[in-house]
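The structure appears below as structure tokens.
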Amino acid sequence: MASELDVLLDKVADPTLRADLKRQVELLRAKRRFGLVFEEHLPERVRLPEHSVRRGTRVVLRDHDHDEPHEVVDVRRGKATVRTVDGDMQTVAVEDLVVVADFGEPIYPGLRRLGSLRAGGDKPAHVVIKGENYHVLEALQFTHAGKIDCIYIDPPYNSGARDWKYNNDYVDSDDSYRHSKWLAFMHRRLRLAKSLLNPECSVLIVTIDEKEFLRLGLLLQQLFADTKVQMVSSVVNRKGVPRKQGFARVDEYLLFVYIGDVGQAVHSNDMLSDPRPTEVSSNGLVSWVGLRRRGSEWRRSDRPGSFFPIYVDTQFGQICGAGESLPLGVDRSTVPEREGCLTVWPLNSKGEESRWQLSPDNVLQLRAQGLLRSYFQKGGRTVTIEYLSEGQRQQIQEGQIVVDGRDEHGAVTVRHVGSKVQQAKSVWNLDAHGATAYGTQLVSALLPGRSFPYPKSLYAVEDTIRFFVHGKPDAVVLDFFGGSGTTTHALARLNRQDGGRRQSILVTNNEVSVEEARSLRSRGYRPGDPEWEALGIFEHITRPRITAAITGVTHEGERLNGSYRFVDEFPMSEGLDENVEFFELTYLDPEDIEVSAAFTGLAPLLWLRAGGRGEMIEHDAPHHAVMDTYGVLFNPDHWRSFVSSLHDGVRTVFIVTDSPSIFAAIVSELPASVEAVRLYENYLSTFGLNTRKMVTIEAEPE
Ligand SMILES: C[S@@+](CC[C@H](N)C(=O)[O-])C[C@H]1O[C@@H](n2cnc3c(N)ncnc32)[C@H](O)[C@@H]1O
């Protein structure tokens, strides 16, 4: 049907003018943007506290939150002369200034190692990064383009209650650009996130509530055109939060973007209502039962016949035998060791004598049937022994559990089948997803005396992610609005449930809340001061929470109280057998930094690109260096000895050369299984963002 404009155009008498006008109107129509229209808004800006204040840099006052930057025109004896936006000249002490850069200006990201936890043997390490997520997403283009299996994010909901910052300033409900700022903020980050997702099969999950869900839906549709976006409504607070109008709010939403070949989301429960206690609550996974008795009557004295040694092969970890029961009163150290075996006793995490669930004969019988299994945990320091319970063995007989095969130790591999596994529904109403009990209170148990606003229920994140990684034991999951670290915690639990080696990459800034900022300022502190930074989310919450979950010990050195619930129930004090590396995003200053120091700043990115497993090559070497999974050839003249030093575990090599032909020649000498990556001799050029040689970032089609 013709529009009013078409009708008017038809009334133009002059045919040439009419045709010209129609052509121009068509051109305009073709250019018009449909869908979500929002202000691109002022570019965001980042502070670069490690950069020197020098002529030509742009600076703001260190303790002012949202000033317009000044240009430095001169620096002399600790004083900088700056030109303000109004053109006025002022003199300011250099120590009161901090260099800034707008997003999109050249920047050189690096990572500084802050610490690590090692309890997961040779599993990949979870990576937890303190920093501005936009720049971390840019750095991840080098390490993970097209490699991420699942992105799960819980961004600020833009509640109007100053719950997030745009350009270093809290956004409140009086801000008339509130929605536009939020959209610009999300759009920039989601564009970068998109190119990290595996195009063959991956998923983006964004949680959101009533404030922004409509705008977020449109934004996702626009960014991921031709991709299916689905929304799930999830009850997170059954009591409900009263609203001035309408209904009390009990739920929030999850938007799922399915990329490539993502199959049906199946689960043993339909998610619409709580599972019966006897039901397994994971997709077809069978939870093996720990052989050591937990709960009631766990002591050796409660059933002395179940206190006996189990022998486990030192090298491979499989069970090679069981000894006699030890009468009460006989010291276990009197039992002789067996050659080539570890002697495993039922001891709890405090080292107290406990007991097994079965007798020695039962253990040997189940082992012979492949219904008992063992594996090393905590980097080989402990052994976990599990078996299939009588009920589960009955289910095998009845065909509800199928045996798919055997693992390398001869234990059966099993899964649930049949009606128990079904396509989950798009409304979720599970007790396990309650944000108060399993988010706020769980975080308080992990961090006594500290609190974090609105963490997700651990089990909600676990259930959500499980749908998309249960068949991917090596999945990489990214959360760039990490908050209290729930996603890393959930992945660690998922790994425990099926022996997976999944890795999370979690990013969060070190923001303090609006009240804390006020209180810190009133006490004379400013951002960057240790007192201020210690209260930031990463330092105060994320890092100690993840540490407590992995080690089973609080930041105050106390064993954790309480037990996990639902799919895999065990005391939190047992910890989780995972590796974690904590990093801080840094901005390297190309004017200041020497080439060798630059390598140190970039070293973690190489390790991360190679899979984040094993030891890291932290410093450059005269010729080359090789670690567990990757190697770096610093001097191409030494390529022969480098190639011969590569062992079977090496999957990635980095070759430092500016010459494409030297690079190609060395690549032709490498085994086909090894991926080669070229680094510029001036390392910074490889990683410089928004510079001439920047890492390319896929442009979003308009
Ligand atoms: C809603 S919380 C996430 C909570 C998390 N799902 C949990 O269970 O704890 C969002 C987090 O993103 C962080 N954040 C907001 N903007 C950020 C940015 N630009 N870069 C990095 N982190 C940011 C905030 O500090 C906040 O902790």
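Numbers here are sequence positions counted from 1. Both ligands and their constituent atoms are indexed starting at 1 by order of listing. Note that this is a predicted model, so its numbers are computed, not measured. Atoms considered below: every heavy atom in the structure, side chains included; atoms not considered: hydrogens, waters and symmetry mates.
In summary, the atoms of ligand 1 found under 4.0 Å from a heavy atom of Lys456, numbered by their order in the structure, are 6 (N), 7 (C), 8 (O). Heavy-atom contacts of Phe185 reach the following atoms of ligand 1: 16 (N), 19 (N) (cutoff under 4.0 Å). In the vicinity of Arg189, heavy-atom distances shorter than 4.0 Å reach the ligand 1 atoms 19 (N).
For ligand 1, the polar-atom distance check against Tyr152 finds no nitrogen or oxygen pair separated by under 3.5 Å. Residue Asn509 has at least one nitrogen or oxygen atom sitting less than 3.5 Å from a nitrogen or oxygen atom of ligand 1, judged on distance alone. Of the N or O atoms in Asn133, one or more lie within a sub-3.5 Å distance of an N or O in ligand 1.
For atom 2 (S) of ligand 1, the closest non-hydrogen atom of the protein is Asp154 O, 3.7 Å. When only non-hydrogen protein atoms are considered, atom 9 (O) of ligand 1 lies nearest to Ser484 OG, 2.6 Å. Given atom 12 (O) of ligand 1, the protein heavy atom at minimum distance is Phe481 CD2, 3.4 Å.
In this structure, a donor-acceptor pair under 3.5 Å is absent between the side chains of Tyr587 and Glu50. In summary, the side chains of Arg545 and Ser484 do present a donor paired with an acceptor at a separation below 3.5 Å, with no hydrogens or angles considered.
Residue contacts with ligand 1 do not include Pro453, since none of its heavy atoms lies under 4.0 Å from the ligand. Under a 4.0 angstrom heavy-atom cut-off, Phe452 registers as being in contact with ligand 1. Ligand 1 has Gly482 within reach: a non-hydrogen atom of the residue lies less than 4.0 Å from it. In this structure, Tyr134 does not count as a contact residue of ligand 1, since none of its heavy atoms falls inside 4.0 Å of the ligand.
Among Val46, Thr486, Leu458, Thr440, the residue whose heavy atom lies closest to atom 8 (O) of ligand 1 is Thr486.
By the 6.0 Å and 45° rule, Arg493 stacks over the aromatic ring of Tyr564. A cation-pi contact, defined as under 6.0 Å to the ring centre and within 45° of the axis, links Arg189 to Phe185. For Arg496 and Phe570, the positive end sits near the middle of the six-membered ring, less than 6.0 Å away and at most 45° from its axis.
Within the model, atoms CD of Gln503 and CD of Glu578 stand 10.5 Å from one another, a figure rounded to the nearest 0.5 Å.
Residue Tyr454 qualifies as open at atom OH: its count of foreign heavy atoms under 6.0 Å is 12 or below. More than 12 heavy atoms of other residues, nucleotides or ligands shown are found within 6.0 angstrom of CG on Asp529.
Annotation: His135 is in aromatic contact with Phe103 [ring centroid separation under 6.0 Å].
Here Thr508 has heavy atoms under 4.0 Å from ligand 1 in both its backbone and its side chain.
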